[in-house]
Amino acid sequence: MVKFPKQVRIVEVGPRDGFQNEKMIIPTAQKIELIDRLAKTGLNTIEVTSFVSPKRIPQLADGAQVFAGIKKSNKIRFPVIVPNVQGLELALQAGVKEVAVLCAASETFSSRNTECSIEESIQRIKEILAIANLKTIPVRGYLSCSLGCPYEGYISPEIVAKLAKRLFKMGCSEISLADTIGIGTPHHAQTLIKTVVKYVPLSHLAIHFHDTYGQALANIYACLELGISIIDSSITGLGGCPYARGAAGNVATEDVLYLLNGLGIETGIDLNALVEISGFVGKLTQHPPRSKVTIAFGKS
Ligand code: MG
């Protein structure tokens, strides 16, 4: 049975996930300008950066300066990624009120990308949660490779669901199921959601799709049919896919919003304000900006 949500919360990941996967390094002032502009569109969650070692991700080496430079608002959530307790402590010193952590659903991806096993990454997350929960800092858990891995291929939804359950029970407030390589298709995405909701309430699940094979919006639509109401996306589709050369990266926020507007699902975000920002992003990167939307949406 189709049960579209009335409202969707979009989590804008362009300044973090997008810039992290772009080859060029964007100047700090322009990152701050982008986030300040995004904050005026009605978006209520903007992932700002990562507090990681600059050696690992040089594109985000200025994370603390970016976080310090943006205009804060009580109405907008500005999470950052933290890889470990040291990252969390730096984030807390910077005044961060919400963080996100990463865990992979594939053992090979985990060891190649974070140099630890899944179990070791769960232990790191436990240490982060022990501090964050005491300070009532919400912690989002990303589960990468939720629909497939560049090394292992297909990943069983049961494996993903059991990891999602562990992260949720450990204290993660939200689990984002990430199709890191953009390999998923709509029925596969629905099977994943149907399996994970056996363990984690739907209202605590987010989806994170990539456009590698042009499937992101189709997958999002399929998950909306099941009632998913938190969607990750990136302004102008910022971010490539390191595992598929030349392929598109994160689904574009403008495209997701256009779909949601057409379905009559509320977000509180002004599409044309986003489109204007995509012109700014287009000048910073190679991404072609979207066109202004001049037609009105009818009620469906
Ligand atoms: Mg992504």
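Remember, it's 1-based here, ligands and their atoms both numbered in the order they're listed.
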Asks: Testing the 3.5 Å rule here: is there a donor-acceptor pair between the side chains of S173 and R140?
Replies: no

Asks: Could you give the side-chain donor-acceptor pairs of residues 95-102 under 3.5 Å, partners two or more places apart or in another chain?
Replies:
from	atom 1	to	atom 2	distance (Å)
E98	OE1	R77	NE	3.0
E98	OE2	R77	NE	3.3
E98	OE2	R77	NH2	2.9

Asks: Side-chain polar contacts of residues 78-93 - donor-acceptor pairs under 3.5 angstrom, sequence neighbours left out - could you list them?
Replies:
from	atom 1	to	atom 2	distance (Å)
N84	OD1	Q86	N	3.4
N84	OD1	G87	N	2.8

Asks: Donor-acceptor pairs under 3.5 Å, side chain of residues 158-166 to any protein atom, not counting sequence neighbours: which ones?
Replies:
from	atom 1	to	atom 2	distance (Å)
E158	OE1	Y199	OH	3.1
E158	OE2	K198	NZ	3.4
R166	NH1	E119	OE1	3.1
R166	NH1	E119	OE2	3.4
R166	NH2	E119	OE2	2.8

Asks: What protein N, O or S atoms come within a distance below 2.8 Å of the Mg ion (ligand 1), ordered by chain and number?
Replies: D17 OD2, H208 NE2, H210 NE2, N250 OD1

Asks: Assess the side chains of E22 and Q59: does a donor N or O sit below 3.5 Å from an acceptor N or O?
Replies: no

Asks: Any side-chain heavy-atom pair from I231 and V11 closer than 4.5 angstrom?
Replies: no

